[in-house]
Structure formats: C-alpha cells, structure tokens
Asker: 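Have a look at this one before I ask anything.
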Amino acid sequence: MSVRNRFGTAAAIALMTTAGAVLLSACGPENGDSGSTAATGAPVTAAPGGGSHSGSPAPGGKEVNGTSAANHLTISTGTRTVAMNGTTVDFGTVVRDLAWSPDGKKVVFVDGDGNLLTAAPDGSGRTTLAKAPGGETWSHPTWQHADKGPSGGAVPDETDRYNNIVFTADKGGVLRLEKVPAKGGAVEELAPHNSEGGDAAGAPQPPQTGNTWANAGGQQADIAYANTPAGEVYIYDDYIRPATRDIGKGSQPALSPDAGSIVFVRSVNGHDHLFTRSTEHDRTAEKDLTPSATTDYTEPAWSPDGRTVAARTPDGISTVPADGSAAPAQVSTLKGLPVYRP
C-alpha cells in the first residue's frame with residue numbers, strides 16, 4: 001500500500017493491458033532526446049508470450065514497430081514521426097521527449113527549437129506552451145496531475161492547481177526543475193523542499209540544483225526525479241504538505257500509475273539495470289528486474305496497468321514484467337524513449 005493509501009486514498013489503476021511499452025522520443029540518459037533519426041536496431045524474433053528476444057534476428061532483418069492499440073506503446077525518435085498503434089504519425093515538427101496527458105488525449109514535447117508544445121495524438125492542434133529563453137535548454141517534460149482527493153472523490157480545485165507540465169531546465173550546465181500550467185501561463189521554478197520542522201528546526205532540505213528527469217505518477221501530484229551530483233532518486237510530494245524523500249542511488253526514475261512503486265536505473269557490473277521498490281517510507285527490498293543484463297536498460301516507463309516496464313536498449317525497446325517474473329523481451333527495433341498512452 002502506497003503512502004497515499006495510508007491517508008485513505010484509493011489510487012486508481014488504469015485499464016489492464018497486455019505486456020507492452022510506449023516508445024517515445026530518442027533521449028539521452030539525463031538530458032532528453034538526442035535528435036537522432038529512427039533506425040533499425042538488432043532484429044528480433046518472436047518469443048513466448050508475444051515478446052521477442054533481444055538481439056536475435058527478425059525474418060529478413062526488417063524493422064519491427066512494436067506498438068499497438070492493445071499494448072498502448074508509442075515511440076518518438078527525435079524526428080517528426082511518432083510510432084503508435086502499429087504505424088507512425090507525422091507531427092509536422094521535430095518531437096523530442098514526448099509525454100502523454102493523464103487522459104491520453106494530448107501530448108507534450110520539446111520541438112526542434114527547444115520550446116514546449118502540446119498537440120493532439122495525431123499531431124494536429126499544435127500549441128506553443130512556453131518558449132525557452134536563450135541559453136537555456138529544456139528537456140523531458142512530464143504531466144503532473146491530481147484528480148482524486150483523500151477520500152477518492154474528485155477535487156476540482158486541486159485538479160486545476162496541479163495541472164502542470166514539469167520539466168528540466170539546463171542553464172549553463174546548472175540543472176533545475178521548472179513547471180508551467182498545462183493550460184498556459186508563466187514558467188516557474190519547482191523547488192522540492194520539506195515542510196516538517198522547517199529550516200529553523202534544522203530539517204534537512206533536498207538539493208535545488210542538479211535536479212533532472214522528472215516523472216509524475218499517481219493521481220495526487222507526486223513527482224519522482226533524479227539529482228545528478230548526488231546520484232540519488234527523490235520523490236517530491238506537496239499534496240498534503242511539502243515533503244521530499246530520498247529513495248536511494250539511481251537515475252531516470254518513473255512512478256507506477258498508482259504511485260505505489262518506482263522503477264529507476266542503476267549501474268551494476270558495467271551495465272545499466274532496472275530496479276523497482278515500494279514508495280513507502282519504510283524501505284522495502286529492491287528488486288533487480290534485469291539481474292542477468294548483458295546490455296544497458298535505460299529510460300524506463302510503466303504500462304497503464306502497472307504490470308509491465310518498458311526500457312530502451314542499444315537495439316531498440318524491451319519490456320519486462322514489473323514483478324520480475326520473466327526476463328526482458330525485445331518488442332521493437334525502433335530506438336527511442338518509451339512511454340505509454342493512458
């Protein structure tokens with residue numbers, strides 16, 4: 001049971017889907033899309049359960065899309081096209097670090113000029129949400145939201161308050177988290193902090209710089225993020241009162257749909273592995289989803305039902321059961337940022 005549930009919150013989990021992953025814009029591990037074009041990675045062959053084994057040849061060596069309406073997988077590769085529903089959609093502009101709105105009816109991304117844009121899933125209705133100042137690089141937006149109160153009912157005022165896009169701003173090599181209302185407005189710095197005790201009482205406060213790779217999960221505005229200098233993963237929660245929790249060593253975190261679990265990346269024996277753990281205050285055992293990794297698994301994302309984690313590899317996109325019950329299986333040769341459409 002997540003921290004939210006201890007306050008009586010009934011976290012809603014999205015509709016059950018088959019194992020799959022949403023693949024999005026080609027991002028570097030910490031600073032977003034690399035801007036590379038879509039490429040055919042190591043081919044894949046069918047594996048038990050509909051997946052495919054990483055690195056094994058596909059018939060004819062053809063590119064494998066790997067997305068479908070059933071698995072909710074989408075892929076953006078830093079080009080104009082985004083893979084979804086088994087095909088590709090031309091957005092008419094470069095799409096980097098694409099993320100979905102909570103209802104799946106809109107996307108937010110960074111365009112070729114470095115600005116934040118929103119659009120419909122077919123690329124129409126593009127709107128510039130905010131323009132990056134000169135000398136500042138924006139990356140990896142995520143859609144923060146809060147649409148359930150402690151009793152599980154809708155809270156309109158809170159829904160509006162937390163309907164934000166949170167992203168990383170890099171100015172002169174200094175990383176900070178910033179936010180802008182999803183309906184448009186001024187860009188503000190998002191400063192994770194703790195309220196209990198306050199600075200006067202000596203309560204430790206989290207670092208304000210070096211923060212990157214924000215990811216919102218659940219329905220009560222939780223934000224996971226990484227601090228680069230410390231190599232730590234944090235969760236910031238100001239729904240009830242501001243509180244920032246240190247989850248442990250890692251990077252590129254993603255919260256599960258109910259915010260009860262977190263997946264993140266950590267290097268083990270020369271390769272990037274995927275780890276999960278509970279988001280409870282009392283630490284529970286971490287689980288390595290990729291204990292036998294012979295490649296790097298990065299940029300993880302949760303399926304809408306919370307049962308599957310997708311990750312990027314040098315050969316494309318692989319998925320793995322979130323409970324660690326099976327080995328990763330390659331599902332696409334497209335190289336991009338994985339993300340699921342709710």
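Along the sequence shown, the residues carry numbers beginning at 1.
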Asker: Are Val94 and Val82 joined in one hydrophobic group, where the rule is that I, L, V, M, F, W and Y side chains link up if heavy atoms are under 4.5 Å apart?
Answerer: no

Asker: Give a yes or no on whether Val268 and Ile262 share a hydrophobic cluster (residues Ile, Leu, Val, Met, Phe, Trp, Tyr; joining criterion: side-chain heavy atoms under 4.5 Å apart).
Answerer: yes

Asker: Give the C-alpha distance, both sets of side-chain angles, the deciding distance and a yes or no for side chain to side chain contact (heavy atoms under 4.5 Å, CB included) between Ile247 and Ile235.
Answerer: CA-CA 7 Å; Ile247 296 297; Ile235 296 178; 3.7 Å; yes

Asker: Okay, side chain of His193, backbone of Ala191: is any donor-acceptor separation there less than 3.5 Å?
Answerer: yes

Asker: Could you check Tyr236, Tyr234, Phe264, Phe167 and say which one makes a ring pair (Phe, Tyr, Trp, His ring centres under 6.0 Å) with Tyr225?
Answerer: Tyr234

Asker: Listed by chain and number, what are the salt bridge (charged side-chain N to carboxylate O under 4.0 Å, His left out) partners of Asp90, not counting sequence neighbours?
Answerer: Arg80

Asker: Looking only at heavy atoms, which two atoms of Ala216 and Thr142 are closest? And how far apart?
Answerer: N-OG1, 3.0 Å

Asker: Is the side chain of Gln208 donor-acceptor paired with the backbone N or O of Pro206 at a distance under 3.5 Å, no angle test?
Answerer: yes

Asker: Side chains of Thr87 and Asn85: any donor to acceptor distance under 3.5 Å?
Answerer: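 Distance-only check fails for Asn85 and Thr87.
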
Asker: If I take atom CD from residue Glu232 and atom OG from residue Ser251, how far apart are they, to the nearest 0.5 angstrom?
Answerer: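 OG of Ser251 is found 11.0 Å from CD of Glu232.
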
Asker: Looking at Gly114, is its backbone amide N or carbonyl O close enough to the side chain of Asp111 to form a donor-acceptor pair, meaning the two atoms are under 3.5 Å apart?
Answerer: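 Indeed, once roles are kept as given, a pair shorter than 3.5 Å links the two residues.
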
Asker: Any ion pair linking Glu189 and Lys179 (charged N to carboxylate O, less than 4.0 Å)?
Answerer: no

Asker: Would a distance-only check, ignoring hydrogens and angles, find a side-chain to backbone donor-acceptor pair under 3.5 Å from Thr168 to Trp138?
Answerer: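 Side chain of Thr168 to backbone of Trp138, a donor-acceptor pair under 3.5 Å: no, none is there.
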
